[in-house]
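Notes follow once the structure below has been shown.
For this chain, numbers begin at 1 and follow the sequence in order. No experiment lies behind these values; they were computed from the predicted model shown. Every heavy atom of this structure was used, including side-chain atoms; hydrogens, water molecules and symmetry mates were not.
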Amino acid sequence: DRDVTGVQTCALPISTLQVATSELGSGNTSTQLTGINAFQDIIKSKPSDQAAAIETLCLFIRSRSPAGDNDRAVTANVQAALNVLKTINTAHGNSYVIDLAHANLTNANLVGIDLSNAYLVDADFSSADLTRAVLKGADFSDAYFGGATLAKTDFTGADLSGASFYHTSLCAKSKPLIPSWAYSCRS
């Protein structure tokens, strides 16, 4: 290839990851959804890019749905990004950390998600559905689970210090059912 001056040029290919990241940063929700779908393809088919894709999706979720956002339910695009995190192929390795610290995940559908070893400090899970979620070894320090559905949720080894499970199955009125986990049942 030659440019307009006749000098030979070498066009560098734009990666799928770069295109998806650009789409995710768009102000247009339809374009963002296209980017989210591209990230799902990357996570499924490009093990070498999985960690970068996960990191970018987590940044998108945290920036579009910050904790303290007046308990607004997650948007359709934030839920779509969370759905992609449900499809992570652990056979591609685990050289990533899901970082949703300080995210507002109110009313999120997190059924069956694997957030093992995730960083979820001060995240808001108000009324989220965490049925059958795998949360082994995750850091939920100061997280809020008020009204969340926790049926068959696996908290093995998770750090729940300072977390609140107000109005959940882990509380009997205002008392924790598993006091050794160091969580509270206050609102």
Side-chain angles (χ1 to χ4, degrees), residues 1 9-69 72-125 128-130 132-144 153-159 163:
D1 288 339
T9 61
C10 178
L12 295 174
I14 297 175
S15 76
T16 306
L17 187 61
Q18 290 171 311
V19 172
T21 301
S22 176
E23 291 170 338
L24 203 57
S26 164
N28 180 294
T29 56
S30 178
T31 303
Q32 288 173 353
L33 190 55
T34 300
I36 291 166
N37 290 333
F39 277 110
Q40 183 161 19
D41 292 341
I42 292 166
I43 287 171
K44 283 182 178 178
S45 63
K46 297 189 92 181
S48 61
D49 288 340
Q50 179 171 272
I54 291 167
E55 182 179 336
T56 305
L57 282 172
C58 288
L59 178 61
F60 173 78
I61 293 165
R62 290 191 317 267
S63 68
R64 295 294 192 265
S65 193
D69 202 12
R72 280 186 251 180
V74 295
T75 64
N77 280 359
V78 167
Q79 182 62 59
L82 290 165
N83 290 344
V84 172
L85 294 180
K86 290 181 184 182
T87 68
I88 293 172
N89 186 345
T90 55
H92 290 169
N94 60 352
S95 62
Y96 58 86
V97 173
I98 294 176
D99 180 357
L100 297 175
H102 311 289
N104 173 22
L105 303 173
T106 298
N107 291 331
N109 176 344
L110 301 169
V111 173
I113 195 166
D114 187 343
L115 294 173
S116 295
N117 302 308
Y119 187 64
L120 297 145
V121 171
D122 197 37
D124 186 348
F125 293 92
D129 189 348
L130 289 147
R132 294 184 315 281
V134 179
L135 310 173
K136 295 177 181 180
D139 187 349
F140 290 101
S141 302
D142 300 316
Y144 184 75
T153 301
D154 185 352
F155 284 104
T156 304
D159 180 353

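- With sequence neighbours excluded, no residue forms a side-chain contact (heavy atoms from CB on, under 4.5 Å) with S63.
- Residues that satisfy the salt bridge (charged side-chain N to carboxylate O under 4.0 Å, His left out) test with K86, not counting sequence neighbours, are absent from this structure.
- Atoms NZ and CD1, on K44 and I42 in that order, are 12.5 Å from each other to the nearest 0.5 Å.
- Partners of T106 according to the side chain to side chain donor-acceptor pair (under 3.5 Å) rule, which considers only residues two or more places apart in sequence or in another chain, are N104.
- Residues satisfying the side chain to side chain donor-acceptor pair (under 3.5 Å) criterion with N107, sequence neighbours excluded, are absent altogether.
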Should D41 and T16 be marked as a side-chain contact (heavy atoms from CB on, under 4.5 Å) after you check the CA-CA gap, both sets of side-chain angles, and the distance that decides it? CA-CA 9 Å; D41 292 341; T16 306; over 6 Å; no
Step-by-step side-chain contact (heavy atoms from CB on, under 4.5 Å) determination, C58 to I98: CA-CA 7 Å; C58 288; I98 294 176; 3.8 Å; yes
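- Note that CG of N109 and CG of L82 are 9.0 Å apart. Values are rounded to the nearest 0.5 Å.
- Taking the side chain to side chain donor-acceptor pair (under 3.5 Å) definition, one finds that Q79 meets it with N83, sequence neighbours left out.
- Evaluation of the salt bridge (charged side-chain N to carboxylate O under 4.0 Å, His left out) rule for D129 yields no partner, not counting sequence neighbours.
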Only pairs under 3.5 Å count here: list side-chain donor-acceptor contacts from residues 19-28, not counting sequence neighbours, and write none if there are none.
from, atom 1, to, atom 2, distance (Å)
T21, OG1, L17, O, 2.8
E23, OE1, G35, N, 3.4
S26, OG, N28, N, 2.9
N28, OD1, S30, N, 2.8
N28, OD1, T31, N, 2.9
N28, OD1, T31, OG1, 3.4

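- Annotation: the span from S45 atom OG to Q50 atom CD amounts to 10.0 Å, rounded to 0.5 Å.
- Atom CZ of F125 sits about 6.5 Å away from atom CG of L110, to the nearest 0.5 Å.
- Not counting sequence neighbours, D114 has no partner by the salt bridge (charged side-chain N to carboxylate O under 4.0 Å, His left out) test.
- Sorted by first then second residue, the salt bridge (Lys or Arg N to Asp or Glu O under 4.0 Å) pairs that include residues 132-142, not counting sequence neighbours, are K136-D154.
- Atom CG in L85 sits 10.0 Å away from atom CD in Q40 (nearest 0.5 Å).
- Partners of D99 by side chain to side chain donor-acceptor pair (under 3.5 Å), not counting sequence neighbours: none found.
- A heavy-atom distance below 4.5 Å is found between the side chains of F155 and F140.
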side-chain contact (heavy atoms from CB on, under 4.5 Å) between I43 and L57, worked out: CA-CA 11 Å; I43 287 171; L57 282 172; 4.0 Å; yes
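- Residues that satisfy the salt bridge (charged side-chain N to carboxylate O under 4.0 Å, His left out) test with D49, not counting sequence neighbours, are K46.
- With sequence neighbours excluded, no residue forms a side-chain contact (heavy atoms from CB on, under 4.5 Å) with A76.
- Between atom CG of residue D124 and atom CG of residue L100 there is a gap of 12.5 Å, rounded to the nearest 0.5 Å.
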